[in-house]
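Reading through the structure tokens given below for one structure.
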Amino acid sequence: MLNIIFYVFTGVVLIQLLYYFGIFGKFAFAKQQTATPKRIPVSVIVCAKNEAENVKKYVPLLAAQEYHDYEIVLIDDASTDETLDIFEEFEKQYPNIKLVKVANNEAFWGNKKYALTLGIKAATKEYLLFTDSDCYPTDKKWIANMASQFTMQKTILIGYGGYEKVKNSFLNKIIRFDCALTATQYFAWAKLGRPFTGEGRNLAYKKEEFFKVNGFINHMNIRAGEDALFINEAAHKKNTAVCFTPESFTLSEAKKTYSAWLAQKRREIYTARFFKPFDRFQLRLYFLSQLLFFALAITLLVLQFDWRFVVPVIGLRYIAAWVVMGYSCAKLNEKDTTYWFPVIEIMLIFTQVNVFFSNLFSKPVHWK
């Protein structure tokens with residue numbers, strides 16, 4: 001019986017090595033991108049609901065971008081705080097800001113996809129660049145860097161939206177590593193020709209791609225995934241590229257408590273239930289292989305299977321994962337999180353299990 005468990009354990013490690021070297025390595029070991037300037041008109045789209053403090057800080061950073069032809073489309077989704085008032089002041093102050101006011105609609109109440117649809121239709125430029133109201137670009141060349149990856153064929157761009165670093169916060173390291181791991185997955189699969197998701201904090205596509213799939217209509221009833229589900233439906237090998245130049249990143253404030261982050265993870269994992277079958281399969285297989293790796297390794301060691309066979313396999317897997325994620329996190333300016341990789345990985349597995357059982361009994365709360 002122990003021999004069988006060891007063979008299964010070895011098979012699980014081989015699956016993990018396939019993921020890390022065969023898939024994630026496509027991004028981790030890729031050459032650093034360069035930005036080739038493009039002269040294309042861009043609409044930056046920001047949707048906000050009760051985000052007065054954030055938009056007050058971050059919209060001026062968008063307005064300060066160094067790009068020759070862009071507008072900012074600000075969407076107020078029926079805010080009850082001062083968000084709309086602040087937007088109206090910005091509209092007067094900056095000539096390239098366009099304001100879209102969304103009133104409560106009984107059929108689409110609280111649905112961010114409805115508000116975004118109105119903003120996309122109001123945009124006057126053909127190329128759309130999205131970020132969230134609590135995000136900001138890390139460089140004045142953000143638009144230029146994102147736009148630089150568009151080509152005649154590549155009309156969907158997946159970028160990186162990270163989180164601010166918080167000194168002496170282990171939770172912050174966990175959140176940032178998780179973000180980098182997620183980005184490694186969607187960047188790698190996109191480079192392999194199978195894009196499956198993107199992050200609304202930093203995402204771009206040509207307007208025609210939105211209308212090709214009738215916008216969000218096929219998942220309008222799911223109050224999440226305005227970014228992930230759209231990419232899962234619209235993106236494919238021929239029309240999708242990635243952008244990971246350091247100047248193309250956006251940042252936002254990470255959750256400050258584990259419960260708040262858990263709620264965020266619940267929304268993300270719930271949304272993944274609606275991905276295409278292959279995308280659901282590869283995500284679940286990766287998590288299952290992680291879980292089995294720990295379960296089987298502990299079982300073999302506790303039952304005193306010959307450690308001379310078990311320990312080298314464990315070591316090989318850890319070296320592979322650490323090296324690949326080290327390179328990947330360095331590309332995403334998250335290298336400091338990899339120092340804690342073994343501990344963070346255990347915390348992430350615990351969180352995934354927690355989310356799985358929580359989502360069995362209730363749906364996560366979505367747009368405000």
Side-chain angles (χ1 to χ4, degrees), residues 40-65 67 69-137 142-143 146-147 156 161 198-217 219-227 229-231 234 250 252 366-368:
I40 57 176
V42 174
S43 291
V44 176
I45 298 182
V46 181
C47 185
K49 187 177 184 70
N50 299 330
E51 291 279 1
E53 291 305 313
N54 283 327
V55 298
K56 191 183 299 183
K57 289 187 295 184
Y58 300 143
V59 171
L61 299 180
L62 298 177
Q65 284 288 296
Y67 194 70
D69 186 4
Y70 78 103
E71 67 176 358
I72 303 172
V73 180
L74 301 177
I75 309 165
D76 176 66
D77 189 10
S79 296
T80 56
D81 67 356
E82 297 177 349
T83 298
L84 179 57
D85 296 332
I86 295 168
F87 276 176
E88 288 175 337
E89 288 301 313
F90 283 144
E91 187 181 32
K92 296 174 184 176
Q93 184 178 354
Y94 301 105
N96 64 334
I97 282 184
K98 186 172 188 177
L99 179 57
V100 176
K101 304 174 186 178
V102 181
N104 278 327
N105 182 301
E106 186 174 348
F108 301 108
W109 185 85
N111 194 326
K112 185 178 181 181
K113 295 174 186 177
Y114 171 68
L116 276 173
T117 299
L118 297 183
I120 290 169
K121 289 182 176 180
T124 62
K125 315 295 184 181
E126 280 302 305
Y127 291 87
L128 313 176
L129 177 54
F130 296 84
T131 190
D132 284 344
S133 54
D134 60 350
C135 295
Y136 61 92
W142 169 59
I143 299 176
M146 288 295 288
I156 295 178
E199 177 51 67
R201 298 191 299 271
N202 200 2
L203 184 67
Y205 48 83
K206 200 172 181 181
K207 190 184 287 191
E208 66 182 23
E209 295 290 354
F210 182 77
F211 293 110
K212 277 182 186 177
V213 295
N214 294 316
F216 306 124
I217 194 66
H219 46 89
M220 185 66 83
N221 62 317
I222 304 168
R223 296 199 173 191
E226 65 280 350
D227 45 12
L229 294 179
F230 172 78
I231 293 299
T250 64
S252 59
H366 298 301
W367 186 237
K368 306 166 187 178

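These figures come from a predicted structure and were not determined experimentally.
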Exercise. Are the side chains of K212 and K206 in touch, meaning some heavy atoms are under 4.5 Å apart?
Worked result: no

Problem set entry | Student check: side-chain heavy atoms of L118 and I75 closer than 4.5 Å | no

Exercise. Are there more than 12 heavy atoms of other residues, nucleotides or ligands under 6.0 Å from atom CD of E82?
Worked result: no

Exercise. Side-chain contact, heavy-atom cut-off 4.5 Å: F216 with L229?
Worked result: no

For this session: Look only at the side chain of T131 and the backbone of N202, and say whether a donor-acceptor pair between them is shorter than 3.5 Å.
Result: no

Exercise. Do L74 and E91 touch side chain to side chain, with heavy atoms closer than 4.5 Å?
Worked result: no

Exercise. Between OH of Y127 and CD1 of I40, what distance do you get to the nearest 0.5 Å?
Worked result: 5.0 Å

For this session: Would you confirm whether K125, through its side chain, and D69, through its main-chain N or O, come within 3.5 Å as a donor-acceptor pair?
Result: no

Exercise. Is there a side-chain contact between L84 and L99, using heavy atoms and a 4.5 Å cut-off?
Worked result: yes

Exercise. If we only count heavy atoms from C-beta on, is the W142 to V44 side-chain gap below 4.5 Å?
Worked result: yes

Problem set entry | Gap between atom CD1 of I156 and atom CD of E209 - 0.5 Å precision | 4.5 Å

Exercise. For the residue pair G119 and V73, what are the closest heavy atoms and their distance?
Worked result: O-CG1, 3.9 Å

Exercise. Checking N54 side chain against D134 main chain: does a donor-acceptor pair fall under 3.5 Å?
Worked result: no

Exercise. So, does E51 use its side chain to make a donor-acceptor pair with the main chain of S133 at under 3.5 Å?
Worked result: no

Problem set entry | Whether D77 side chain and C47 backbone form a donor-acceptor pair below 3.5 Å | no

Exercise. Distance-only, no hydrogens or angles: does the K112 side chain make a donor-acceptor pair with backbone N or O of E226 under 3.5 Å?
Worked result: no

For this session: Answer yes or no: is there a donor N or O on one side and an acceptor on the other, between the side chain of T250 and the main chain of Y136, under 3.5 Å?
Result: no

Problem set entry | Gap separating the CD1 atom of I143 from the CD1 atom of I72, nearest 0.5 angstrom | 7.0 Å

For this session: Search all heavy atoms of A64 against all heavy atoms of Y70 and return the closest pair with its distance.
Result: N-OH, 4.0 Å

Exercise. How about F130 and Y205: are their ring centres within less than 6.0 Å of each other?
Worked result: yes

For this session: Supply the atom-to-atom distance Y67 OH to L129 CG, rounded to the nearest 0.5 angstrom.
Result: 9.5 Å

For this session: Would you indicate whether the side-chain heavy atoms of I222 and K113 approach each other to under 4.5 Å?
Result: yes

For this session: Please confirm whether the backbone N or O of A123 pairs with a side-chain atom of K207, one donor and one acceptor, at under 3.5 Å?
Result: yes

Exercise. If you measure from the Lys or Arg side-chain nitrogens to the Asp or Glu carboxylate oxygens, is any gap between E88 and K101 under 4.0 Å?
Worked result: yes

Exercise. Do the side chains of F87 and V59 get nearer than 4.5 Å, heavy atoms only?
Worked result: yes

For this session: Keeping the roles fixed (side chain from Y94, backbone from E71), state whether a donor-acceptor pair exists under 3.5 Å.
Result: no

